[in-house]
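These values consider heavy atoms only, across backbone and side chains, with no hydrogens, waters or symmetry-generated copies. We name chains A, B, ... by the order of the sequence lines, and we start the count at 1 in each one.
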2 protein chains.
Amino acid sequence: MPAIQDIKVAVDAVVFGYDAKQLSVLLIKRGVEPFKDSWALPGGLVMDNESLETAVTRELKEETGVQIDYLEQLYTFGKPGRDPRNRVVSVSYFGLVRPNHFKIQAATDAKEVQWFPVKELPDLAFDHGTILNMAKERLKAKLQYQPIGFDLLNKEFPFSDLENLYTTILDHKIDRRNFRKKILSFEIVEETDKIHQKGSGRPAKLFKFNNKKYNQLLNEGFHFEIKIV
Amino acid sequence: MPAIQDIKVAVDAVVFGYDAKQLSVLLIKRGVEPFKDSWALPGGLVMDNESLETAVTRELKEETGVQIDYLEQLYTFGKPGRDPRNRVVSVSYFGLVRPNHFKIQAATDAKEVQWFPVKELPDLAFDHGTILNMAKERLKAKLQYQPIGFDLLNKEFPFSDLENLYTTILDHKIDRRNFRKKILSFEIVEETDKIHQKGSGRPAKLFKFNNKKYNQLLNEGFHFEIKIV
DNA sequence: GCAAAAGTGTTCCTGATACACCCATGC
DNA sequence: GCATGGGTGTATCAGGAACACTTTTGC
């Protein structure tokens, strides 16, 4: 057993947002060394008495001001040398926010915060590029077997938003009729009596995800699945 | 930022073995406080200059003597209070071993090592019961979308072993003909020219998993899938 | 010859895929 | 009246599920 272990524990978050047919990631510009002025994932050291989840939520709030709608653990990165100063083990998280929680504001260690479309990412500090890639894979995979897409849309959304979300993130065409049929067959989205007008074209009914119904179906052995490719 | 962080980093491993139609887990009896004489997952503190994977492998070798055939990260547990002494964040791993690597031998912090059938588990130290449950879920899920079952069997195995492995771990009946047809249709297992005699009954051809072929198919977009339930 | 496990095909049915036209609105 | 996006049904096809008898060996 080592006499005294000298390793720090940090958390980092990859937070995705979706709006205007674009998938974006929340990044901060570091205000302190190392990698001062580089773009990086929001995150920081865990405090002695808070849980890992509390730490991510706190750091996100402090550094970016975003309110998170979905959060899960992604992976833990701990190779010696990933931080040039001390050994740091980083527990990374994967988060999603709705468009109306997009308001951001930099503070503490972050001198800037910005949403970057995933197609136009800057170089990232540390091994954050690796973490981000893993998060993108996770998002693509999960979209196909868990209804997490709804956490990227407004609570009430036109069907075309859902459809665009899938085609954009998975980068694949979908047959509109079959997609709608499939989603509706799950009986986890409900029609509302609201109607949405988007400039030109026929107005669209708004739908909403019924989470209670989803959990109930889960208990009965239901399995969400949208296969693309 | 906290002045000085006081958190330790550990690794723990849930190692599964399969033999004689039983799924077993590798546990150690702790030789030191806390939880002295309790059964626990093998693991321990990470040394300053080793990676997390190296740490698990080392601890497994030291404490149990097993050689691991498959290893992946499972989840990181870090709630304050999970260790009665210090705050310890544990990165847990999920491992599989083949029957012929079943030889075990206790050492260092472990005063005993033993394979426990998952149906007859003792109470575990710390939150190791939770970790073990998550590992069981992961195993069940992965069996259905990755060919990891082969890492629990001998390199060359009769088809019935594979079939029994699936029925045992997933706790569900499978149609022998459909199962064989499905697996063979993937073209990732090959017939060998060996034959295996198991007491009574007709001798069985031995098959082996072709990992190169599997990886090649993966690149072509192949997706392993055995759906049960 | 009988007990035990291995090996093997066909039918049916469900669910996925492919595909094109009409509708409601703004300008 | 035309441009824009929304809404809808059917026919075909592929893959999953159900199902039982024959073969080879040991005793």
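For A:Arg176, taking side-chain heavy atoms from C-beta onward, the closest of the listed nucleotides D:dG7, C:dG7, D:dC19 is D:dG7. You'll find that the side chain of B:Arg180 is closest to C:dT8, out of D:dA18, C:dT8, C:dT17.
The distance from atom CD1 of B:Ile226 to atom P of D:dA17 is 10 Å, rounded to the nearest whole Å. Distance CD (A:Glu191) to C1' (D:dG7): 11 Å, rounded to an integer number of Å. Atom-to-atom, CG of B:Asp175 to C1' of C:dT11 comes out at 14 Å; the value is rounded to the nearest Å. Here C:dA16 presents its C1' atom at 12 Å from CD of A:Glu225, a figure rounded to the nearest Å. Separating the NZ atom of B:Lys182 from the C1' atom of D:dG15 is a distance of 9 Å, rounded to the nearest angstrom. C:dT11 atom P lies 15 Å from atom CG of B:Asn178, rounded to whole Å. In this structure, the CG atom of B:Leu162 is 16 Å from the C1' atom of C:dA5, given to the nearest Å. Counting to the nearest Å, the C1' atom of D:dG6 and the CG atom of A:Leu184 are 13 Å from each other.
In summary, B:Glu225 and B:Lys182 do not engage in a salt bridge, as defined by a charged side-chain N under 4.0 Å from a carboxylate O. Between A:Asp151 and A:Arg98 there is a salt bridge, since at least one side-chain N of the basic residue sits less than 4.0 Å from a carboxylate O of the acidic one.
Both A:Lys181 and B:Phe159 lie near DNA chain C, and the one whose nearest nucleotide falls closer to the 5' end is B:Phe159.
Considering only residues two or more places apart in sequence or on other chains, A:Lys79 meets the side chain to side chain contact (heavy atoms under 4.5 Å, CB included) condition with none of them.
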Check nucleotides 24-27 of chain D against the protein and report each pair of N or O atoms closer than 3.5 Å, with its distance, or say if there are none.
unit_1	atom_1	unit_2	atom_2	d
D:dT24	O2	B:Arg202	N	3.3

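A heavy-atom distance below 4.5 Å is found between the side chains of B:Phe77 and B:Ser92.
Side chains of A:Thr54 and A:Ser51: a donor-acceptor N/O pair is present below 3.5 angstrom, by distance only.
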Evaluate the salt bridge (Lys or Arg N to Asp or Glu O under 4.0 Å) criterion for residues A:Asp193 and A:Lys205: first the C-alpha distance (whole Å), next the side-chain angles of each, then the deciding distance (0.1 Å), finally the verdict. CA-CA 7 Å; A:Asp193 50 4; A:Lys205 292 179 210 164; over 6 Å; no
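For a distance-only test at 3.5 Å, the side chain of B:Lys205 fails to qualify as a donor-acceptor partner of the base of D:dT23. Applying the 3.5 Å distance criterion, the base of D:dA17 shares no donor-acceptor pair with the side chain of B:Arg177.
Checked against a 6.0 Å centroid threshold, the rings of A:Phe186 and A:Phe224 count as neighbours.
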